[in-house]
Participant: 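If you scroll down you'll find the structure; I have some questions about it.
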There are 2 protein chains.
Amino acid sequence: MTAATPLDAEELAAYLALKEVSSLLEHAVEQQLRTDGGLSGPQFQILARLSDAPAGHLRMTDLADSLVYSRSGLTYQAAQLEKQGLIMRTPAEDDERSIVVTLTPAGRELLDRVMPGHVEVVQRLLLTSLSRRDIAAITDIMGRVRDRMRTAPPRSAQRRPAGG
Amino acid sequence: MTAATPLDAEELAAYLALKEVSSLLEHAVEQQLRTDGGLSGPQFQILARLSDAPAGHLRMTDLADSLVYSRSGLTYQAAQLEKQGLIMRTPAEDDERSIVVTLTPAGRELLDRVMPGHVEVVQRLLLTSLSRRDIAAITDIMGRVRDRMRTAPPRSAQRRPAGG
DNA sequence: TATTGTTATACTCTATAACTATA
DNA sequence: TATAGTTATAGAGTATAACAATA
């Protein structure tokens, strides 16, 4: 067994600081979304993703993949959003199995209404503390980490049946 | 109303990259904790916090504060952990209202057992991609952000009753 | 009165498995 | 057979409000 070298002080500090900042930021953002638009974090993410999509719509599977969670979880959220008239689900034309999710005008409106507050929170909590160089550094570093994470085997090939 | 300048491209990129990395990392860590020790993220945090505490114990309120969530939420988690024999709750000596939470030997054992895998995940997903300079940069930047976040008024004084 | 902690309750979120329908 | 999506279900987590006890 590889003895999993414990993190040194700097590594630990970096990890913990990153974790705490993300956690506090996420918390604050979720509260703002809830207050300003009655949206949960996942719901906002779905709407935002749709609004960024080329034609304002995506298939369920694509949404689920890009948001990391299970299809049943997405079905649940989609049902909530549809109930509120924020999205529409329609059968895909080319593949009868697929469902295309579209942002409704009401959905776009809500997004527009919620966005300024969202931006304000991010500005106030995160960006205020950052110089232009800091921002570039984060983009660079986190971008690299993200690319590696996506490349690396998600789960498998971690545990070997026999040590060797 | 301050027109909440929309984030420019760089700011947005930094924010999104940060968010995605944290999210993926958290996800992976939680799965590892669950698999290796049957612990949820919050439960692990509680145990870890206790293990870092000076005498291996903290009051409920202190725990709740340092972990951000509500006291009733902590009561729930503490009950789960106590059921499993990982912590102990005992009345405080100096203040009859307070409860002191202590890590049991079994709790420490579990923490020891889970930690190597935890470290491994952080190494593999995060630290592998980082140079020494990156680590220093993250520590510096995130440390600064965290300090500001803590200093800033948590919730109040955000919305003014009248604009001007 | 304020603080510490618990309880009752209600709700959201998520995942797994079983199922339907199309490719 | 594999893929897309839904449903049923079950469990975990969290918060709010009401409560009891101590400061």
Side-chain angles (χ1 to χ4, degrees), chain A residues 23-24 26-35 37-47 57-84 86-102 154-155, chain B residues 23-24 26-35 37-47 57-84 86-102 154-155:
Chain A
S23 161
L24 289 172
E26 188 188 355
H27 214 261
V29 163
E30 291 205 339
Q31 191 192 316
Q32 179 268 323
L33 294 172
R34 182 82 56 190
T35 302
L39 287 174
S40 68
Q43 287 169 357
F44 173 75
Q45 270 199 307
I46 292 175
L47 297 184
H57 56 74
L58 286 173
R59 293 184 320 147
M60 290 290 281
T61 294
D62 298 334
L63 260 176
D65 285 355
S66 73
L67 295 174
V68 175
Y69 55 49
S70 65
R71 270 169 308 161
S72 77
L74 179 58
T75 296
Y76 169 78
Q77 292 296 357
Q80 307 305 310
L81 292 171
E82 199 170 37
K83 251 188 254 171
Q84 301 174 54
L86 303 173
I87 64 169
M88 237 174 46
R89 280 184 287 184
T90 50
E93 291 175 4
D94 53 324
D95 186 337
E96 296 277 330
R97 293 171 304 180
S98 295
I99 299 273
V100 170
V101 185
T102 312
R155 274 159 216 189
Chain B
S23 160
L24 290 171
E26 189 188 354
H27 215 262
V29 163
E30 292 205 339
Q31 191 192 316
Q32 179 269 323
L33 293 172
R34 183 81 58 189
T35 302
L39 287 175
S40 69
Q43 286 168 359
F44 173 74
Q45 271 199 307
I46 292 174
L47 297 185
H57 57 73
L58 286 173
R59 293 184 320 145
M60 290 291 280
T61 293
D62 298 333
L63 259 177
D65 285 353
S66 72
L67 296 175
V68 174
Y69 55 48
S70 64
R71 268 168 308 162
S72 75
L74 179 58
T75 296
Y76 169 78
Q77 292 297 357
Q80 307 305 310
L81 293 172
E82 198 170 37
K83 252 188 253 172
Q84 301 173 53
L86 303 173
I87 63 168
M88 238 174 46
R89 282 184 287 185
T90 49
E93 291 176 2
D94 53 325
D95 186 338
E96 295 280 328
R97 293 171 305 180
S98 297
I99 300 276
V100 170
V101 184
T102 312
R155 271 157 220 193

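Computed from a prediction, not measured in an experiment: that's the story for all the values here. Sequence lines set the chain letters: A, B, ... in the order given, protein chains first and strands last, and positions in each chain run from 1.
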Participant: Going through the checks in order, is the side-chain contact (heavy atoms from CB on, under 4.5 Å) test met by A:Ile87 and A:Leu81?
Facilitator: CA-CA 6 Å; A:Ile87 64 169; A:Leu81 292 171; 3.7 Å; yes
Participant: If we only count heavy atoms from C-beta on, is the B:Pro91 to B:Glu96 side-chain gap below 4.5 Å?
Facilitator: no
Participant: With side chains defined as the heavy atoms from C-beta onward, is the minimum distance between A:Val101 and A:Arg59 less than 4.5 Å?
Facilitator: no
Participant: Without decimals, in angstroms, what is the distance between B:Leu81 CG and C:dT6 P?
Facilitator: 13 Å
Participant: Using whole Å, what does the distance between atom P of nucleotide D:dT3 and atom CG of A:Leu74 come to?
Facilitator: 18 Å
Participant: Measure from CG on B:Asp62 to C1' on C:dG5 and round the result to the nearest Å.
Facilitator: 13 Å
Participant: Provide, to the nearest angstrom, the distance between the CD1 atom belonging to A:Ile46 and the P atom belonging to C:dC13.
Facilitator: 9 Å
Participant: Using whole Å, what does the distance between atom C1' of nucleotide C:dT7 and atom CZ of B:Arg89 come to?
Facilitator: 12 Å
Participant: Base contacts versus sugar-phosphate-only contacts with protein, heavy atoms under 4.0 Å: please encode nucleotides 10-17 of chain D as B, S and - from 5' to 3'.
Facilitator: --SSBBB-
Participant: Taking it one step at a time, do A:Met60 and A:Ser98 satisfy side-chain contact (heavy atoms from CB on, under 4.5 Å)?
Facilitator: CA-CA 7 Å; A:Met60 290 290 281; A:Ser98 295; over 6 Å; no
Participant: Is A:Arg59 close enough to D:dG5 that one of its side-chain N or O atoms is under 4.0 Å from OP1 or OP2 there?
Facilitator: no
Participant: Is there a residue in residues 90-102 of chain A whose heavy atoms reach under 4.0 Å of DNA chain C, and which residues are they?
Facilitator: A:Asp95, A:Glu96, A:Arg97
Participant: May I ask you to test the A:Leu86-A:Leu39 pair for a side-chain heavy-atom distance under 4.5 Å?
Facilitator: yes
Participant: Taking the side chain as every heavy atom from C-beta outward, state whether B:Ile99 and B:Arg89 have any pair of such atoms under 4.5 Å apart.
Facilitator: yes
Participant: Just wondering, do A:Thr102 and A:Leu58 contact through their side chains at under 4.5 Å, heavy atoms?
Facilitator: no
